[in-house]
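Data first, discussion second: the structure below is written as structure tokens.
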Amino acid sequence: MGIVEPKILRGFRDLLPTDMIALEKIISVIKDVCESYGFIPTSTPAIEYKNILLAYGEETSKEVYFFEEPDGNMVGLRYDLTVPLSRVIAQYKNLPKPFKRYQVSTVWRYDKPNPGRFREFIQFDIDAVGTSSISADSEIILAIYDCLERLGPSFIIRLNNRKILNSLIVFAGIEPNMARSVFRVIDKLEKQGIEVVKQELGPGRVDISGDKIKGLGLNEVQIKKIEEFLSLPKNTCSEAIDSLKELFKSVKGAEEGIDEIKEIHDHLDCLSIPDGKIIIDFSIARGLDYYTGPVFEVVLTDAKEYGSVVGGGRFDELIGYFTGENTPATGASVGIDRLLEALKKLKLVKTKPSTADVIITIMVKDKLGEYQKIAKKIRDAGIKTELYVGEKTSIKEQLKYADKQDIPVAVIVGEDEFTRNEASIKDLRVIKKQKIEIGEREAYLKERIGQKKVPMGNLVEEIKLMLKK
RNA sequence: GCCGGUGUAGCUCAAUGGCUAGAGCACUUGACUGUGGAUCAAGGGGUUAUGGGUUCAAGUCCCGUCGCCGGUACCA
């Protein structure tokens, strides 16, 4: 008989318990924060009609998984959570506005896989729809700020405004249809440096591997003006705002974007958020075409190689493709997979193979019912408790299993304990924590390291005490 | 997509074109039938990613494919 070779698609991956436990933990922290801000959960299908997925234009299509249903409908896997959100807003017209929702779901893109970047990945989106108020943008940024504070990594939130970049196009005298390309180039500033940016704005350059990168062909005056913009003093947010105001004083309509970013800054200032954690960076544009106002992204300062782990901004024109009317919206998207990889590397998330805190070992096979009673008692007290169900029933095997699963406490009840109405509880962490100097195996066994006999009536209390250590 | 590197046991890696492809860790078993550590002993594990070619002889050299890593491009 042929054996089927076990393999998975390129860019896809399995999440084994250790990763999955860490992932769930991260998600639950973010959910808690969202709900503490009054964002409410939504869910939409993984599959949408093709024309829905293509609502913003055909150019998106090459990275989307499309397929035909047996009855001929053309459908596809969602590639983000914003398109389904727009559909939902258009479809359920009586949703309360502002509609503040969060959604954590899998999305699919046929991209080139990278470390921390997969073809199937999880997005955590937070959005506020139906309000132009900048306070919505501030709330989302604050929620993201709180999430990161609770998760623990050091980070920087970079803020900008698409309107400011649009003013730059006017300021530098660039054709409006070049705007998008210019934004794409200046977005590279942080990673590549000013010289590369200037080359790409102008004649182009040749990269390390010998590839030619075409330049945008801007003239020297235009490049000079962009450089002036990018090198504005911005040690503090107020300094950045003031210097930009000065630079753009003759640009018509430039106040709007500057005022918006100032408003966000004022909100954050009231909460005494340290100036270095949320900064203004005029180079960030975000890859997406659809942003219309404030934009921001987050990098982890000790794990920069994962790129931005959160990105977001205002997209006032997007939902209109479905509603036919102007529907302002702003949001953020957390790259959960990148965050997981980064937090693992920074050792800020527990990587454990099991969620159980207690294992009940089986010593007397025909008293299974008794063991189940013990397990129930501990579970009823809110402690995660596993009853050993393996076939190898020697105590040695059971403890080895518990050790491998990193379960901290074992309950051992044999004939002795049953007759005395007692239980032995054993702290399995003790051996790992300190090297115990016992040479002889016999002495080691006698020592019963980390073990304690307690009356059955006190079992739950004693376990709680042991777990607290 | 393009450029470069790389692929040997579960993991980390050895092996001048030449004898039966090795080691450490991990794993299994026993010393030890109510105790996970340490120690000792034994054991299992490989189509050298894959398909072709050169050669008396290929893990080793050449070509294709696939995977992985790095860079670059793209990213609604």
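Throughout, a chain's letter reflects where its sequence line sits, starting with A, and its residues are numbered from 1. Just the heavy atoms: all of them, side chains too, but no hydrogens, waters or symmetry mates, feed the values below.
Considering Lys344(A), Arg13(A), Lys25(A) as possible partners of Asp19(A), the one that fulfils the salt bridge (charged side-chain N to carboxylate O under 4.0 Å, His left out) test is Lys344(A).
Checking Leu428(A) against Arg119(A), the closest nucleotide of RNA chain B that is more toward the 5' end is the one next to Arg119(A).
Using a 4.0 Å heavy-atom cutoff across all strands shown, Leu53(A) reaches no nucleic acid atom at all. Looking at heavy-atom distances under 4.0 Å, Tyr401(A) makes no contact with the nucleic acid at all. Residue Gln398(A) is classed as having no contact, given no heavy-atom separation below 4.0 Å to the nucleic acid. Contacts of Val83(A) with the nucleic acid, taken as non-hydrogen atoms under 4.0 Å apart, are absent. Contacts of Gln405(A) with the nucleic acid, taken as non-hydrogen atoms under 4.0 Å apart, are absent.
Contact between the side-chain N/O atoms of Lys112(A) and the OP1/OP2 oxygens of rC2(B) is not found at any separation under 4.0 Å. For rG37(B), the OP1/OP2 oxygens have no side-chain nitrogen or oxygen of Arg448(A) closer than 4.0 Å. Between Arg109(A) and rC75(B) there is no side-chain polar atom (N or O) within less than 4.0 angstrom of OP1 or OP2. The side chain of Arg10(A) contributes an N or O atom lying less than 4.0 Å from OP1 or OP2 of rG67(B). Of the side-chain N and O atoms in Arg117(A), none sit less than 4.0 angstrom from OP1 or OP2 of rC75(B).
Residues Arg101(A) and Leu81(A) approach most closely at NH2-O, 3.2 Å, considering heavy atoms. In terms of heavy-atom proximity, Tyr56(A) sits nearest to Ser86(A) at OH-OG, 2.9 Å. The two residues Ala136(A) and Arg314(A) come nearest to each other via the heavy atoms CB-NH2, 4.1 Å. Scanning both residues, Ile126(A) and Ile144(A), for their nearest heavy atoms gives CD1-CD1, 3.8 Å. Between Ile378(A) and Ile463(A), the shortest heavy-atom contact is CD1-CD1, 3.6 Å. Heavy atoms only, all atoms of each residue included: Arg78(A) and Gln103(A) are closest at NH1-NE2, 4.0 Å.
Rounding to whole angstrom units, CZ of residue Phe183(A) and P of rC74(B) are separated by 16 Å. Atom CG of Leu399(A) is separated from atom C1' of rG34(B) by 9 Å (rounded to the nearest Å). Atom-to-atom, NZ of Lys396(A) to P of rA31(B) comes out at 8 Å; the value is rounded to the nearest Å. Rounded to whole angstrom, the span from the OH atom of Tyr110(A) across to the P atom of rG1(B) amounts to 7 Å. When the C1' atom of rA26(B) is taken as reference, atom NZ of Lys404(A) falls 10 Å away, rounded to whole Å. Between the CD1 atom of Ile431(A) and the P atom of rG36(B) there is a distance of 8 Å, given to the nearest Å. Between Phe121(A) atom CZ and rC75(B) atom P the separation is 15 Å, expressed in whole Å. Leu445(A) has its CG atom 10 Å from the P atom of rC32(B), to the nearest Å.
Pairs of Watson-Crick or G-U wobble type, with distances under 3.5 Å, assemble into runs of 3 or more in RNA chain B at these ranges: B:1-7 with B:66-72, B:10-13 with B:22-25, B:27-31 with B:39-43, B:49-53 with B:61-65.
Atom C1' of rG45(B) sits at a distance of 30 Å from the matching atom of rC61(B), rounded to the whole Å. The P atoms of rA57(B) and rC66(B) are separated by 30 Å, rounded to the nearest whole Å. Rounded to whole Å, the P atom of rC74(B) lies 47 Å from the corresponding atom of rG18(B). Annotation: rG1(B) and rC25(B) have their C1' atoms spaced 40 Å apart (nearest Å). For the P atoms, the distance from rA42(B) to rA23(B) is 12 Å, rounded to whole Å. Taking the C1' atoms as reference points, rA31(B) lies 49 Å from rG5(B), given to the whole Å.
Ring-plane geometry between Phe229(A) and Phe282(A) is classed as tilted, the angle between the planes lying from 30 to 60 degrees on a 0 to 90 degree scale.
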Please determine whether side-chain contact (heavy atoms from CB on, under 4.5 Å) holds for the pair Ile47(A) and Leu77(A), giving the CA-CA distance in whole Å, both sets of side-chain angles, and the decisive distance to 0.1 Å. CA-CA 5 Å; Ile47(A) 301 173; Leu77(A) 294 170; 4.0 Å; yes

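In summary, the aromatic rings of Tyr79(A) and Tyr110(A) are positioned with their centroids too far apart to meet the 6.0 Å limit.
Phe183(A) places none of its side-chain heavy atoms less than 4.5 Å from the side chain of Val295(A).
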Under 3.5 Å, which N/O atoms of the protein pair with N/O atoms of nucleotides 49-51 of chain B?
none

Please write out the pairs of protein N or O atoms and N or O atoms of nucleotides 4-6 of chain B separated by less than 3.5 Å, giving the distance to one decimal.
none

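The existence of a salt bridge linking Glu341(A) and Arg338(A) is excluded, since no basic side-chain nitrogen approaches an acidic carboxylate oxygen closer than 4.0 Å. Under the 4.0 Å criterion applied to side-chain N and carboxylate O atoms, Arg117(A) and Asp111(A) are assigned as salt-bridge partners.
Counted by atom type alone, Glu190(A) and Ser283(A) present zero donor-acceptor pairs between their side chains at under 3.5 Å.
Candidate nucleotides rG36(B), rU35(B), rA73(B) were compared by shortest atom distance to the side chain of Ile412(A), and rU35(B) ranks first.
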